[in-house]
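For reference, the structure is listed below as structure tokens.
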Amino acid sequence: YFYSRDKQLKTTTKIPKVTTKMHKLLYRDTYEVVACSLKGIKSGFKMNFHCIIINIVLSFHHPCVSQFTMSRKVVRSSKFRHVFGQAVKADQCYDDIRVSQMTWDSNFCSVNPKFVAMIVDASGGGAFLVLPLSKTGRIDMTYPTVCGHTGPILDIEFCPHNDNIIASGSEDCSVMIWEIPDSGLTTPLTDPVVKLEGHSKRVGILSWHPTAHNVLLSAGCDNMVILWNVARGEAVVRIDSVHTDLIYSASWNRDGSRILTSCKDKFMRVMDPRKGSVLYEKEKPHEGSRPVRAVFTSDGKILSTGFSRMSERQVALWDPKNFSQPLTLQELDTSSGVLLPFYDPDTSIVYLCGKGDSSIRYFEVTDEAPYVHYLSMYSSKESQKGMGYMPKRGLEVNKCEIARFYKLHERKCEPIVMTVPRKSDLFQEDLYPDTIGPEPSVEADDWFQGKDGKPVLVSLKDGFTTTTKTKEFKVVKSLLKTTTSSGVSQPDGGSSVRPPQSSHTHRQSVFTKNTMSDS
């Protein structure tokens with residue numbers, strides 16, 4: 001404690017680790033300056049302010065105090081430290097929506113710069129709602145839905161290369177591809193552009209290839225992963241002998257040259273998608289028996305969420321080339337909800353949204369230990385039944401918006417905006433590096449033959465405005481062979497080949513890739 005020599009001043013200020021010996025080293029004038037400074041401060045000010053004055057004055061008079069001041073813990077520097085989440089106003093929400101009551105652990109929502117889609121309750125089959133982003137407010141009960149499935153829908157996902165195309169997977173064991181008009185639906189949509197049949201049990205996971213045009217991954221409860229050439233309506237690769245139990249998650253890396261799966265057999269696997277061979281695998285990335293989710297980060301590492309033996313939720317970062325120990329493993333809380341990770345490769349921020357939670361945690365992934373740094377948490381009163389994540393090209397860059405989520409409540413969808421507080425209205429280049437655009441870098445046939453393509457990047461400086469050439473997309477019958485892949489790495493030509501099954505259904509149709517202008 002530091003006590004003033006002036007008896008009239010009744011002020012005591014605490015400075016950690018300052019001893020009486022240190023007082024003797026100080027000059028008398030320093031002592032008096034501090035005392036005079038404290039005289040002028042009213043007692044209503046916080047003690048922290050007193051500490052600041054004493055530290056500043058003393059550091060100029062003796063190196064011992066200066067060294068002590070500099071050795072205090074420094075907060076990690078990051079431009080995302082003050083990111084905050086905020087729900088939009090009530091009139092900008094989508095109200096009176098009967099969100100699906102299914103207990104499947106998927107997002108239940110998909111969004112792009114044109115539309116937001118949500119799985120809803122429907123009698124006599126499955127249905128999902130597709131709304132233009134501008135159609136906020138109360139949604140009429142008679143609003144048309146996409147209702148071609150005969151069983152409940154478990155997952156939906158918009159195509160990253162065409163904002164009007166969306167895929168859906170259902171309990172009826174089929175995958176359907178739909179085309180949404182630019183103005184939205186005016187009548188119920190029952191006929192898909194393509195119907196893909198190849199799974200023997202319900203289909204719960206869908207994921208479009210990030211760079212190849214018309215390549216879709218699906219995973220079902222038959223423990224099988226299928227890669228589809230959507231333009232031909234055919235299953236090209238079947239990975240049916242690797243996973244021995246239910247598949248929890250399946251995702252692509254940045255250029256689509258690898259897939260990452262997590263499974264109920266307690267293995268996390270990195271695979272070559274075209275050969276179906278396992279490149280790396282990790283047994284029990286999390287000790288608990290609850291579902292594990294995993295995604296690739298931008299530098300090839302793997303971020304996973306899961307549970308400990310005591311049902312504590314965890315987040316971990318792995319190097320796939322050294323799966324023996326995690327780079328970091330952090331325990332978050334105790335809850336039964338599965339954590340859905342949403343990773344932003346532009347900012348290296350991962351957002352963790354728990355099913356049934358009322359909060360969104362976000363972390364920054366860096367190259368410095370402990371690698372996954374907690375930033376903050378957005379909290380609300382109502383729990384979330386699902387979550388949609390807007391692509392970066394659909395954000396408002398003039399408001400420093402770095403992420404936007406579409407949170408599903410029981411009866412509404414509420415957008416949540418993540419913002420970096422900045423005073424300037426100018427374009428912030430450090431927040432918005434070039435991001436993945438809607439243009440594919442390789443066609444499906446070329447990709448299946450072994451050609452990889454890096455993402456085609458676009459700048460968001462003037463708000464995303466681009467025009468893509470109109471492309472015809474034909475669903476045609478082809479003799480493209482189906483590759484059945486096993487879990488063992490095989491030499492070239494080692495995979496068995498069998499003719500395509502005739503179970504898939506298609507119809508001759510043409511739709512064009514719409515000209516997009518998103519800002």
Using distance alone, with no hydrogens and no angle criterion, decide if [X] and [Y] have a side-chain donor and acceptor under 3.5 Å apart.
X	Y	value
E197	S174	no
N214	N229	no
S249	S262	yes
S380	K407	yes

Could you tell me whether the side chain of [X] and the main chain of [Y] form a donor-acceptor pair under 3.5 Å?
X	Y	result
Q384	G354	yes
T305	L339	yes
S441	K454	yes
S100	D121	no
D434	L457	no
S106	L154	yes
Q314	L329	no
T211	G453	yes
N162	N164	yes
T334	E312	no

Scan for salt bridge (charged side-chain N to carboxylate O under 4.0 Å, His left out) pairs involving residues 250-265, sequence neighbours excluded, and state none if there are none. D265-R269
Once salt bridge (charged side-chain N to carboxylate O under 4.0 Å, His left out) is applied, what residue pairs with a partner in residues 335-363 remain, sequence neighbours excluded? R313-D357, D333-R361, D344-K392, D346-K392
Quick test of your reading of the model: are D430 and R422 salt-bridged, counting only N-O distances below 4.0 Å?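 So D430 pairs with R422 through a salt bridge.
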Could D299 and K301 be called an ion pair, given the rule that one side-chain N must be under 4.0 Å from one carboxylate O?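 Yes, this pair counts.
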Knowing that exactly one of T419, V420, L375 qualifies, which makes a side-chain contact (heavy atoms from CB on, under 4.5 Å) with F84? T419
Going by the side-chain contact (heavy atoms from CB on, under 4.5 Å) test, name the single residue among L217, I165, I166 that passes it with W208.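 With W208 as partner, L217, I165, I166 yield a single side-chain contact (heavy atoms from CB on, under 4.5 Å), made by I165.
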[atom2] on [Y] to [atom1] on [X], rounded to 0.5 Å:
X	Y	atom1	atom2	result
T145	L189	OG1	CG	9.0 Å
E234	L196	CD	CG	10.0 Å
D240	N223	CG	CG	10.0 Å
R98	E410	CZ	CD	14.0 Å
L206	M176	CG	CE	12.0 Å
E364	S78	CD	OG	3.5 Å

Name the orientation class of the two ring planes belonging to W178 and F128 (parallel below 30°, tilted from 30 to 60°, perpendicular beyond 60°).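 Rings of W178 and F128: perpendicular, over 60°.
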W318 vs F323 aromatic rings, parallel, tilted or perpendicular, using cut-offs 30° and 60°? perpendicular
With sequence neighbours left out, the residues meeting salt bridge (Lys or Arg N to Asp or Glu O under 4.0 Å) with R404 are E401
Check residues 411-418 and write down every donor-acceptor pair under 3.5 Å in which the side-chain atom is one partner and the other belongs to a residue at least two apart or another chain.
unit_1, atom_1, unit_2, atom_2, d
R411, NH2, D96, OD1, 2.7
E414, OE1, H409, NE2, 2.9

Keeping to residues at least two apart or across chains, list the ring pair (Phe, Tyr, Trp, His ring centres under 6.0 Å) pairs with something in residues 343-366.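 Output for this query lists Y351-Y362, Y351-F405, F363-Y374.
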Could you list all the ring pair (Phe, Tyr, Trp, His ring centres under 6.0 Å) pairs where at least one residue sits in residues 245-294, not counting sequence neighbours?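 Sorted pair list: H209-W252, W252-W447.
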Do R274 and D452 pass the salt bridge (Lys or Arg N to Asp or Glu O under 4.0 Å) test, and can you show the C-alpha distance, the side-chain angles, and the key distance before you say yes or no? CA-CA 11 Å; R274 284 165 289 218; D452 285 323; 2.8 Å; yes
Taking all non-hydrogen atoms of both residues into account, name the closest pair between [X] and [Y] and its distance.
X	Y	value
I156	S110	O-CB, 3.9 Å
C221	W104	SG-CH2, 3.7 Å
N253	P210	O-CG, 3.5 Å

side-chain contact (heavy atoms from CB on, under 4.5 Å) evaluation trace for R293 with S304: CA-CA 6 Å; R293 293 297 180 103; S304 64; over 6 Å; no
Tell me, do M118 and I97 make a side-chain contact under 4.5 Å, heavy atoms counted?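 Counting from C-beta outward, M118 and I97 do come under 4.5 Å.
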